[in-house]
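Take a look at the structure set out below.
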Number of protein chains: 2
Amino acid sequence: MLRISKLTDYGTMILVHLASAKDKHLLPASDVAESTHLALPTVQKLLKILTKNGLVESARGTDGGYRLARAPEQITAAEILDTLEGPVAITECSHDDGHCDLEPNCQVGNAWQKISLAIRAAMNDIRLCDLQNPPMEFPLRHTILSKSGHKPRLHKQALGK
Amino acid sequence: MLRISKLTDYGTMILVHLASAKDKHLLPASDVAESTHLALPTVQKLLKILTKNGLVESARGTDGGYRLARAPEQITAAEILDTLEGPVAITECSHDDGHCDLEPNCQVGNAWQKISLAIRAAMNDIRLCDLQNPPMEFPLRHTILSKSGHKPRLHKQALGK
DNA sequence: ATAATATAGGACTATATTAGTCCAATATAA
DNA sequence: TTATATTGGACTAATATAGTCCTATATTAT
């Protein structure tokens, strides 16, 4: 489905939340879980991944916690995807025996490389700061819809299957 | 992983092969399977999907088979992905109870919409004809490498995990 | 020192998705 | 009527994802 996984979505929510923290203040995982309404074990898991990949800094012990390692302007969507899903990848060659090398029709790999690069280029142009502070009309329309009894889903099926 | 699935890869191989067919000639599934070195049941399944989604035309009976419904110039990578994986999608909202609507931090959906649109824009610029006839240096280097005993993999890990 | 707090690392289960195969029905042409 | 070939859908197996939990380590305050 070329989908963005739930964990990536959660991880992005966490990053957006950390980005909104004041200054260099450290937020414990429990705090992040409460604010994002995500389950604590999941938040812990994601913060560990984000830390290991250098998007987030951590400190242990009392008053320990997490904060962004860099300013939101300096974190790209490409990095977030790389960290949470691994780099954009294409499937392994269907011919492990090396037959692929001799198969003139098997020129598809080249094509998917182009496609991967195109996606990557697009992701490099989007930064974490673009993910916070969404345009004003969006939350507004959102509120109106939810008051009318509809259940708008920002995430679900935004473009999808 | 934001990966392109094997079936999508196979499907693309099939489309590329159909694109190379002479004129309006119909190719039976068995023929396509042989040429692409893919398993027949898989090829049959994919051709059915491609036909149902209008990328391929079919005819039954003796001398029946499949062919592209349009010229390779008029089939985009976006269509191929839509057909084989469904549209680029983001995860469903984590709060099905509607809490998401009231949650100021839950502004991530908007962000992933932007990302999906960026990916889609990139995919609209790539056509099936771009996937055939790869640049000449590619197959050449390819052949040299395979002769030297290496096993270059066009597909595997082209960009990733 | 000791207790309390909080992250680090990794194992583990459950669930969902993907990949792959197969069968019965339908249409076409010789 | 027979042979060919697609259509539609069911089904299993393999893999990936989501989510939880446990133990170890580091830090701070008392």
Side-chain angles (χ1 to χ4, degrees), chain A residues 1-11 13-14 18 25-34 36-67 69 81 84-86 89-92 94 155 160-161, chain B residues 1-11 13-14 18 25-34 36-67 69 81 83-86 89-94 96 160-161:
Chain A
M1 210 199 310
L2 199 66
R3 81 180 191 287
I4 291 153
S5 74
K6 286 187 182 183
L7 289 179
T8 297
D9 200 17
Y10 300 163
M13 290 174 67
I14 290 170
L18 290 181
H25 193 63
L26 289 164
L27 298 176
S30 56
D31 194 289
V32 174
E34 220 176 304
T36 56
H37 298 274
L38 297 171
L40 179 56
T42 303
V43 169
Q44 289 172 322
K45 181 183 192 173
L46 286 165
L47 281 169
K48 278 183 267 186
I49 294 170
L50 292 170
T51 302
K52 192 150 71 178
N53 286 62
L55 272 73
V56 159
E57 291 175 339
S58 66
R60 294 185 181 188
T62 312
D63 290 326
Y66 299 90
R67 70 180 169 211
L81 285 172
L84 294 170
E85 315 225 19
I90 53 184
T91 58
E92 59 189 294
S94 52
H155 293 177
K161 194 177 203 172
Chain B
M1 208 200 312
L2 198 67
R3 79 180 192 288
I4 291 154
S5 73
K6 286 188 183 185
L7 289 177
T8 298
D9 199 17
Y10 300 162
M13 290 173 67
I14 290 170
L18 290 180
H25 193 62
L26 288 165
L27 299 176
S30 56
D31 193 287
V32 174
E34 217 175 309
T36 57
H37 297 275
L38 297 171
L40 179 56
T42 302
V43 170
Q44 289 171 323
K45 180 183 194 174
L46 285 165
L47 282 168
K48 279 184 265 185
I49 294 170
L50 292 170
T51 302
K52 191 150 71 178
N53 286 73
L55 271 71
V56 157
E57 291 176 340
S58 65
R60 295 185 182 190
T62 312
D63 289 324
Y66 299 91
R67 70 180 168 210
L81 285 173
T83 296
L84 295 171
E85 314 225 20
I90 54 185
T91 59
E92 60 190 293
C93 183
S94 51
D96 264 354
K161 193 178 206 173

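Order of the sequence lines fixes the chain letters, A, B, ..., with proteins taken first and strands second; residue numbering starts at 1 for each chain. Because the structure is a prediction, the values reported are computed rather than measured.
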Has the side chain of B:Gln44 got a donor or acceptor atom that lies under 3.5 Å from a matching backbone atom of B:Ala29? no
Take the protein atom [atom1] of [X] and the nucleotide atom [atom2] of [N], then report the distance between them rounded to whole Å.
X       : N      : atom1 : atom2 : answer
A:Leu26 : C:dA6  : CG    : C1'   : 11 Å
B:His25 : D:dA5  : NE2   : P     : 11 Å
B:Leu46 : C:dT18 : CG    : P     : 14 Å
B:Leu47 : C:dG20 : CG    : P     : 15 Å
B:Glu57 : D:dA5  : CD    : P     : 19 Å
B:Glu85 : C:dT17 : CD    : P     : 14 Å
A:Asp31 : C:dA6  : CG    : P     : 10 Å
A:Leu7  : C:dT17 : CG    : C1'   : 14 Å

Sub-4.5 Å side-chain heavy-atom contact between [X] and [Y]:
X       : Y       : answer
A:Asp9  : A:Leu84 : no
B:Tyr10 : B:Thr36 : no
B:Asp63 : B:Leu26 : no
A:Ile14 : A:Leu38 : yes
A:Leu7  : A:Thr42 : yes

Please confirm whether the shortest side-chain N or O distance from [X] to OP1 or OP2 of [N] is below 4.0 Å.
X       : N      : answer
B:Ser58 : D:dA5  : no
A:Ser5  : D:dA18 : yes
A:Tyr10 : D:dT17 : no

Closest to the A:Lys6 side chain: C:dG20, D:dA18, C:dG9?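 From the listed options, D:dA18 comes nearest.
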Of the nucleotides D:dT6, D:dA18, C:dT7, which has the atom closest to the A:Ala29 side chain?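 Between D:dT6, D:dA18, C:dT7, the one nearest the side chain of A:Ala29 would be C:dT7.
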Pairwise distance CG(A:Leu47) to CG(A:Leu55) - rounded to 0.5 angstrom: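 A:Leu47 CG to A:Leu55 CG: 11.0 Å, rounded to 0.5 Å.
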Take nucleotides 20-30 of chain D nucleotide by nucleotide from the 5' end and write B, S or -, depending on whether a protein heavy atom sits under 4.0 Å from the base, only from the sugar-phosphate, or from neither. B----BBBB--
Residue met sooner reading DNA chain D from 5', once A:Thr8 and B:Gly64 are mapped to nucleotides: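 Upstream on the strand: B:Gly64.
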